[in-house]
Amino acid sequence: MPRELPRITVIRRTGTEPFIGTEHLRLKHFWEWSASDLVSNATRGILAEFLVAAAIGQSDGVRSEWDAYDLQTASGLKLEVKSSAYLQSWYQRVFSKITFSIRPTRAWNAQTNQYDSEAQRQADVYVFALLHHKEQDTVNALDLSQWTFYVVSRQRLECARPNRKSIALGQLLKIGPRVSTFHELPAVIEREGHS
């Protein structure tokens, strides 16, 4: 009979860890190789999560990829971070249309290793992170002035877009999100989450 395997504890790494069997390769080399394209959809989404985590003082741990929501504030608010951008790394004829996924999901519980039976929106607050810069020569995802953050509570999102899988920027703006810069995010998230 196969035994159950417990969840592996992930440790925070520094990038200086060596690949065993070679004198030259370090973990940072893998990171440089795999995550230098900060404008790509996959990496930009993780970067957006990191920026929100840093803004709320929760970036000292390790990202959990499979949790039902992305982050949790010190006050207990569950956050979902979604990212979009006008510019992509690949060839474009026109700017990308700004849309964000808001589809309800079935939460996975790491403790029980099971999914919830009902799909729903898991977070209390949604942070929509838009890399709004439109000049290819100067786009820099590390420049916080090139980001705009739209903050909406689950309740307001449910009232405006029940059972929808995505929301376009124009539709999001009609909801009246609280707009924030990086430095204002903690206070804006708390206000929206407790209103």
Subject >> Step-by-step side chain to side chain contact (heavy atoms under 4.5 Å, CB included) determination, Ser75 to His194 >> reply: CA-CA 10 Å; Ser75 70; His194 295 292; 3.6 Å; yes
**OP:** List for me each residue that meets side chain to side chain donor-acceptor pair (under 3.5 Å) alongside Asp37, sequence neighbours excluded, and say none if there are none.
**Re:**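 Listed in chain order: Ser89.
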Original post:
So Thr99 and Lys97, side chain to side chain contact (heavy atoms under 4.5 Å, CB included) or not? Walk me through it.
Top reply: CA-CA 6 Å; Thr99 59; Lys97 181 181 175 187; 4.1 Å; yes
Subject >> Heavy-atom neighbours of Gln155 CD exceed 12 at 6.0 Å >> reply: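 Result for CD/Gln155: enclosed.
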Original post:
Above 12 or not: heavy atoms from other molecules or residues under 6.0 Å from CZ of Arg63?
Top reply: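 Enclosed: over 12 neighbouring heavy atoms sit under 6.0 Å from CZ of Arg63.
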Cluster overlap [X] with [Y], hydrophobic side-chain contacts below 4.5 Å:
| X | Y | answer |
| --- | --- | --- |
| Leu87 | Trp90 | no |
| Ile167 | Ile98 | yes |
| Phe95 | Phe100 | yes |

If every non-hydrogen atom of [X] is compared with every non-hydrogen atom of [Y], which pair is closest and at what distance?
| X | Y | answer |
| --- | --- | --- |
| Gly15 | Arg26 | O-CB, 3.7 Å |
| Gly76 | Gln72 | O-NE2, 3.2 Å |
| Leu47 | Ala141 | CD2-CB, 3.6 Å |
| Ile175 | Arg161 | CD1-CG, 4.3 Å |
| Leu51 | Phe182 | O-CE1, 3.1 Å |
| Glu80 | Tyr69 | OE1-CA, 3.4 Å |

Original post:
Apart from Trp33 itself, which Ile, Leu, Val, Met, Phe, Trp or Tyr residues share its cluster (side-chain heavy atoms under 4.5 Å, direct or through members)?
Top reply: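 Members besides Trp33, by chain and number: Phe19, Leu25, Leu27, Phe30, Trp31.
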Show me the donor-acceptor pairs, under 3.5 Å and distance only, between side chains in residues 124-132 and residues at least two apart or in other chains.
residue	atom	partner	partner atom	Å
Asp124	OD2	Lys78	N	2.8
His132	ND1	Gln146	O	3.1
His132	ND1	Thr148	N	3.4
His132	ND1	Thr148	OG1	2.9
His132	NE2	Ser145	O	3.2

Subject >> CA sep, side-chain torsions, deciding dist, call: Arg44, Asn41, side chain to side chain contact (heavy atoms under 4.5 Å, CB included) >> reply: CA-CA 5 Å; Arg44 185 190 66 243; Asn41 286 349; 3.2 Å; yes
**OP:** Please round to the nearest 0.5 Å and tell me the distance separating atom CD of Glu184 and atom CD1 of Ile189.
**Re:**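 CD1 of Ile189 is found 11.5 Å from CD of Glu184.
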Original post:
Out of curiosity, Thr105 OG1 to Asp116 CG, how far, rounded to the nearest 0.5 Å?
Top reply: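 Spacing of OG1 (Thr105) from CG (Asp116) equals 8.5 Å.
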**OP:** Apply the test side chain to side chain contact (heavy atoms under 4.5 Å, CB included) to residues His133 and Thr138: give CA-CA distance (whole Å), side-chain angles for both, the deciding distance (0.1 Å), then the verdict.
**Re:** CA-CA 8 Å; His133 196 73; Thr138 55; 2.6 Å; yes
Original post:
Quick check: does any side chain N or O of Arg156 sit under 3.5 Å from a backbone N or O of Glu192, one acting as donor and the other as acceptor?
Top reply: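 Side chain of Arg156 to backbone of Glu192, a donor-acceptor pair under 3.5 Å: no, none is there.
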